[in-house]
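Reckoned from all heavy atoms, side chains included, excluding hydrogens, waters and symmetry mates. When a ligand or atom number is given, it counts from 1 through the structure's own listing order. All of these numbers come straight from a predicted model, not from anything done at the bench.
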Amino acid sequence: MSDTVESVIVAIDGPSGTGKSSTSKAVASALGLSYLDTGAQYRAITWWMITNGIDVADPDAIASASGKPVIESGTDPSAPTITVDGLDASGPIRAQDVTSKVSAVSAVPEVRTRITELQRSIAKAAEKGIVVEGRDIGTTVLPDADLKIFLTASPEARAARRSGEIKGSDLTTTREALIKRDAADSSRKTSPLAKADDAVEVDTTDLTLPQVIECVVTLVEEKRAAK
Ligand SMILES: Nc1ncnc2c1ncn2[C@@H]1O[C@H](COP(=O)(O)OP(=O)(O)OP(=O)(O)O)[C@@H](O)[C@H]1O
Ligand SMILES: Nc1ccn([C@H]2C[C@H](O)[C@@H](COP(=O)(O)O)O2)c(=O)n1
């Protein structure tokens with residue numbers, strides 16, 4: 001038996017607020033893997049479109065501009081980074097304006113082609129393996145991933161988690177905004193939010209974050225052992 005630990009590619013998908021980022025970062029840290037937040041990349045390109053005066057309601061304008069921004073992601077799970085044209089975008093991409101427009105920008109096929117290529121090249125370069133989280137990782141970006149997880153949780157649980165993060169936020173408004181964004185992400189034509197046929201579904205509604213992390217770490221270790 002070899003002492004070498006096999007490289008492993010883990011895809012974690014699911015709707016907003018199901019715990020993808022928190023779980024993926026913790027699993028990657030625990031197992032010495034790289035980590036990629038693909039939502040941050042779609043947010044970054046959306047932020048660039050807004051700051052450069054591109055009409056986000058105009059898919060042709062978005063498509064024409066989609067090759068212009070230089071987006072770079074740092075994959076250390078303890079300190080992930082995202083830059084656009086060399087500028088730190090980690091703060092601005094979380095602004096409400098970006099959150100409300102990211103579904104429209106990420107639905108444009110030219111944007112998806114560009115960002116998907118970037119994601120595949122980052123995953124390929126991760127020597128020890130990587131945890132990649134998003135909406136279409138198991139179905140489109142990395143269909144040959146060693147392990148695919150699809151996280152779910154009730155809209156109520158997800159809204160409560162998100163409201164806990166934002167001071168003074170209203171639970172009903174947060175819940176409606178989540179449902180609206182999920183509907184847009186699930187109904188777009190190009191690589192919508194979807195569970196891959198071979199993904200393991202984990203309902204996190206009644207699980208604590210440490211329980212979800214433990215569950216996913218166990219699934220990765222089982223896959224590694226079977227390789
Ligand atoms: N199982 C859980 N129990 C309670 N809180 C959780 C759980 N999982 C995640 N959280 C909390 O819910 C919030 C949202 O989690 P996170 O950002 O990881 O979700 P996400 O699926 O990546 O969302 P998005 O797709 O919108 O980026 C965070 O505050 C996180 O700490
Ligand atoms: N693989 C992905 C990841 C994200 N998106 C889009 C759709 C989301 O609403 C948005 C922001 O993602 P979040 O930061 O909430 O994880 O980005 C996508 O289309 N495909």
Any nitrogen or oxygen of R43 lying under 3.5 Å from a nitrogen or oxygen in ligand 1? Just yes or no. no
Side chain, backbone, both or neither: which part of R181 comes within less than 4.0 Å of ligand 1 when only heavy atoms are counted? side chain
Looking at ligand 1, does any of its N/O atoms fall within less than 3.5 Å of an N/O of S21? yes
Sort out for me which residue in D182, T205, T18, T152 forms a side-chain hydrogen bond (donor to acceptor under 3.5 Å, both in side chains) with R158. D182
Answer yes or no: does an N/O atom from T23 fall short of 3.5 Å to an N/O atom of ligand 1? no
Using a 4.0 Å cutoff against the non-hydrogen atoms of T208, which atoms of ligand 1 qualify? 1 (N)
Hey, does R181 come in under 3.5 Å of ligand 2, counting only N/O atoms on both sides? yes
Atom pair OG/CG of S24 and L151 - distance to nearest 0.5 Å: 7.0 Å
Answer yes when D136 and R112 have at least one side-chain N-carboxylate O distance shorter than 4.0 Å, and no when they do not. yes
Using a plain distance cutoff, I'd like to know if E133 has any nitrogen or oxygen under 3.5 Å from a nitrogen or oxygen of ligand 1. no
Test log, rule side chain to side chain donor-acceptor pair (under 3.5 Å), inputs S16 and R181: CA-CA 8 Å; S16 184; R181 187 146 64 95; 3.0 Å; yes
Ligand 1 atoms in contact with R135 (distance to a heavy atom under 4.0 Å): 25 (O)
For ligand 2, is there an N or O atom under 3.5 Å from any N or O atom of D37? no
Test: D185 and K180 ion pair at under 4.0 Å: no
Closer than 4.0 Å to some heavy atom of P15 - which atoms of ligand 1 meet that? 21 (O)
Proximity flag Q211 to ligand 1, non-hydrogen atoms under 4.0 Å: no
Of all protein heavy atoms, the one nearest atom 16 (O) of ligand 2 is R135 NH1, 3.0 Å
Would you say Q119 has any N or O atom under 3.5 Å from an N or O of ligand 2, going by distance alone? no
How long is the gap from OG1 on T99 to CZ on R162, to the nearest 0.5 Å? 8.5 Å
Please tell me if the side chains of K195 and T139 come closer than 4.5 Å, counting only heavy atoms from C-beta onward. no
To the nearest 0.5 Å, what is the distance between CH2 (W48) and CD1 (I54)? 5.0 Å
Assess the side chains of R161 and T174: does a donor N or O sit below 3.5 Å from an acceptor N or O? no
Check contact between G17 and ligand 1, using heavy atoms of the residue and a distance below 4.0 angstrom. yes
Find the distance between CD (E156) and OG1 (T172) and round it off to the nearest 0.5 Å. 10.0 Å
So if I count the atoms of ligand 1 from 1 in the order they appear, which ones are less than 4.0 Å from some heavy atom of L207? 1 (N), 2 (C), 3 (N)
Below 4.0 angstrom, N of the basic side chain to O of the carboxylate: do D198 and K148 qualify? yes
Look at atom 3 (C) of ligand 2 and say which protein heavy atom is nearest, naming residue and atom and giving the distance to 0.1 Å. T38 OG1, 3.3 Å
Per-atom contacts of ligand 1 with G19, taking only distances under 4.0 Å to non-hydrogen atoms: 8 (N), 9 (C), 15 (O), 16 (P), 18 (O), 19 (O), 20 (P), 21 (O)
Within the 4.0 Å heavy-atom shell around R94, which atoms of ligand 2 are there? 14 (O)
G134: numbered ligand 2 atoms lying under 4.0 Å from its heavy atoms: 1 (N), 3 (C)
Just wondering, more than 12 heavy atoms not from E110 lying within 6.0 Å of its CD? yes
Check each heavy atom of E133 against ligand 2 and say whether those closer than 4.0 Å belong to the side chain, the backbone, both or neither. neither
Looking at D136, which atoms of ligand 2 are within less than 4.0 Å of one of its heavy atoms? 1 (N), 2 (C), 20 (N)
Atom 14 (O) of ligand 2: closest protein heavy atom, distance to 0.1 Å, is R43 NE, 2.7 Å
Numbered atoms of ligand 1 (with element) below 4.0 Å of K20, judged on heavy atoms: 18 (O), 19 (O), 20 (P), 21 (O), 22 (O), 23 (O), 24 (P), 25 (O)
